[in-house]
Amino acid sequence: MERNISLVSLLCFILFNGCLVFEADAVKSQRSEKLKLIHRHSPELGHNPGTTLGPPKNSEERLKQLVQSDKARLHAIKRRLGVVGKANDWVEFPFRSAADMGIGQYFVSLRMGTPAKTFTLLVDTGSCLTWFKCKYLCVDCSSVEEGQRYFYPNQSSSFKSIPCSSQECKTIDKASTLVTCPHPNAPCYYDYSYLDGLNVGGSYFNETVKFRFSNGQKKGLEMTMGCTDGLNQKNRFKTVDGILALGLNPLSFAVKAAHEFGGKFSFCLENHWIIKSESSYLVFGAEDQVPNMQFTDLLTEESKMTSLYPIKVTGISVNGTMLDIPSYVWDMTDRGAGGMIVDSGSTVTHLVEQAFEKVIAAFEPSLSMYNKTKGNLDYCFNAPPAGEFDETRVPRVALHFEGGAKLEPAVNGYIFDDSKGVKCLGFTRLAWPQMNILGNLLMQNHLWEFDLANKKVGFARSKCMLD
């Protein structure tokens, strides 16, 4: 989900594509919090008609859902960066579920309030306000739709309303905070707008979020969040209780939680195509030291787009040979041209045409025995199913980053089953000038650490096992 440019720059990375659920789980120390991740196609979520939650019918439907989500997300990114494309370069947001509207790619089970109650939030990788469906200043607070869950502030002793006359109200978010202040003790109101047409309105509040550690101890962390009582398209949120925002912004849950637990957060995704709900996880705080961790700088100073997570690519190699890609492709500008952002909300990796064409040209000789065909991605070919497909024929690709870090993804990170007898390369072409996007499939089977304090991103191979 992305904020309207006229309000505030919001596109913020974090987490992964594919609607996952994560729940509080055991951690190894009191200074970190580990959360389990469940892929949106996991049988654990069941089938929800009209949405993309739960197992798809087949591999073709699975990839189609993921690509559709990427298209929506890419549209939002282009709008955020102010990139104006050709008429046929725009895409429509599919009206299916919030998961495919580019508004968030995971669910989280969060305990909040006193006494603590559990809420299911959709993680939004593109905004910085966490909000809940809320019954606060309502005429009939008992009136709710069947199956809906709300936060009731009057049932929590730790709830703190933020007065509209307070200094805190004036500094939360100037772009979305309303100047309406009927009297000094009235709540601090907001009107939050998103590019897909969704508006949420309500009031800010401070409340305690509960964390539980492996040693049995519990910790409460006070967060500033939103009590949303106005939704203009609320059907998109029938299965969730609100939004957990994880953008790079002082207001966001990610920044506050990382600050509390050592200035870092990390995540690890197991094989995307083999859904194992017990394997993937998110950690706030310092994760156990992983051997061979490689680091590169977050280019937050060079980029004026401070809500993004940009890194500097120095090149792409195929089978050890560096491709002849123009260097300006990797140079970030404040106009949204060049450079690369780490965006686990995207499934595949998006490359501008100057880089995409070089990558495809390097793959084609090895795949020439297979006929090209149409599919959900830009380069697809006829090939036997996974069990019969000879992966040794597939070139090995590597992404090189400033500082010497090199990401060498597994073949299943960039060769996908599209439908029976059809496979696709997991790269899509972007027209220049745009920004390259590193998607989550190239990131799987690695632990990724985001050191916000030192402005670095690190990664290392990992089996992503929950302890």
Novice: Between Cys227 and Cys134, is the SG-SG gap under 2.5 Å?
Specialist: yes
Novice: For the backbone of Asp173 and the side chain of Thr177, can you confirm whether one donor and one acceptor N or O come within less than 3.5 Å of each other?
Specialist: yes
Novice: Measuring only between side-chain heavy atoms, which start at C-beta, is Ile341 closer than 4.5 Å to Leu438?
Specialist: no
Novice: Do Met225 and Val209 have side-chain heavy atoms sitting under 4.5 Å apart?
Specialist: yes
Novice: Going by an N to O cut-off under 4.0 Å, is there a salt bridge joining Glu449 and Lys456?
Specialist: no
Novice: Taking only residues two or more places apart in sequence, or in another chain, which ones meet Glu222 in a side-chain hydrogen bond (donor to acceptor under 3.5 Å, both in side chains)?
Specialist: Lys160
Novice: Has Ser156 got a side-chain atom pairing as donor or acceptor with Pro153's backbone, closer than 3.5 angstrom?
Specialist: no
Novice: Is any side-chain N of the basic residue among Asp241 and Lys133 closer than 4.0 Å to the acidic one's carboxylate O?
Specialist: no
Novice: If the plane angle is over 60° it's perpendicular, under 30° parallel, otherwise tilted; pick one for Phe459 and His446.
Specialist: perpendicular
Novice: Given side chains that start at C-beta, do those of Phe119 and Arg111 come closer than 4.5 Å, heavy atoms only?
Specialist: no
Novice: Find the distance between OG1 (Thr428) and CG (Leu351) and round it off to the nearest 0.5 Å.
Specialist: 7.0 Å
Novice: Keeping Thr314 on the side-chain end and His400 on the backbone end, is there a donor-acceptor pair under 3.5 Å?
Specialist: yes
Novice: For the Cys pair Cys169 and Cys188, is the SG-SG distance shorter than 2.5 Å?
Specialist: yes
Novice: On the 0 to 90° scale, with breaks at 30° and 60°, tag the Phe159-Tyr136 ring pair as parallel, tilted or perpendicular.
Specialist: perpendicular
Novice: May I ask you to decide if Met443's main-chain N or O and Trp448's side chain share a donor-acceptor pair within less than 3.5 Å?
Specialist: yes
Novice: I need the Leu452 CG to His259 NE2 distance, nearest 0.5 Å.
Specialist: 11.0 Å
Novice: Quick one: does Thr349's side chain have a donor or acceptor within less than 3.5 Å of a partner on Gly439's backbone?
Specialist: yes
Novice: Classify the side-chain pair Thr228/Tyr192 by whether it contains a donor and acceptor separated by less than 3.5 Å.
Specialist: no
Novice: Quick one: do Asp343 and Asn440 satisfy side chain to side chain contact (heavy atoms under 4.5 Å, CB included)? Show the steps, please.
Specialist: CA-CA 7 Å; Asp343 181 26; Asn440 68 65; over 6 Å; no
Novice: Hey, which of Pro250, Ser252, Ser176 is the one that makes side-chain contact (heavy atoms from CB on, under 4.5 Å) with Cys128?
Specialist: Ser252
Novice: For Asp418 and Leu377, indicate whether the former's side chain and the latter's backbone hold a donor-acceptor pair under 3.5 Å.
Specialist: no
Novice: Would you check if the side chain of Asp297 reaches a backbone N or O of Leu299 as a donor-acceptor pair within less than 3.5 Å?
Specialist: no
Novice: With a 3.5 Å distance limit and no angle check, can you tell me whether Arg429 reaches the backbone of His350 through a side-chain donor-acceptor pair?
Specialist: no
Novice: Any chance you could lay out the salt bridge (Lys or Arg N to Asp or Glu O under 4.0 Å) test for Lys219 and Glu260, step after step, and finish with the verdict?
Specialist: CA-CA 11 Å; Lys219 180 179 179 63; Glu260 180 69 19; 3.0 Å; yes
Novice: Does a side-chain heavy-atom distance below 4.5 Å link Ile162 with Asn206?
Specialist: yes
Novice: Check whether any side-chain heavy atom of Lys264 sits under 4.5 Å from a side-chain heavy atom of Phe450, and report yes or no.
Specialist: no
Novice: Just by distance, do the side chain of Lys135 and the backbone of Phe151 share a donor-acceptor pair under 3.5 Å?
Specialist: no
Novice: Between Lys463 and Asn445, is there a side-chain heavy-atom distance shorter than 4.5 Å?
Specialist: no
Novice: Atom CZ in Phe253, atom CG in Leu244: separation rounded to 0.5 Å?
Specialist: 5.5 Å
Novice: Atom CG in Asn292, atom CG in Leu447: separation rounded to 0.5 Å?
Specialist: 12.5 Å
Novice: Return the NZ to SG distance between Lys170 and Cys181, rounded to the nearest 0.5 Å.
Specialist: 8.5 Å
Novice: Do Leu121 and Thr130 have side-chain heavy atoms sitting under 4.5 Å apart?
Specialist: yes
Novice: Between Phe132 and Tyr150, is the ring centre distance below 6.0 Å?
Specialist: no
Novice: Excluding sequence neighbours, so at least two apart, what forms side chain to side chain contact (heavy atoms under 4.5 Å, CB included) with Gln155?
Specialist: Lys117, Tyr152
Novice: How long is the gap from CD1 on Ile311 to OG1 on Thr296, to the nearest 0.5 Å?
Specialist: 6.0 Å
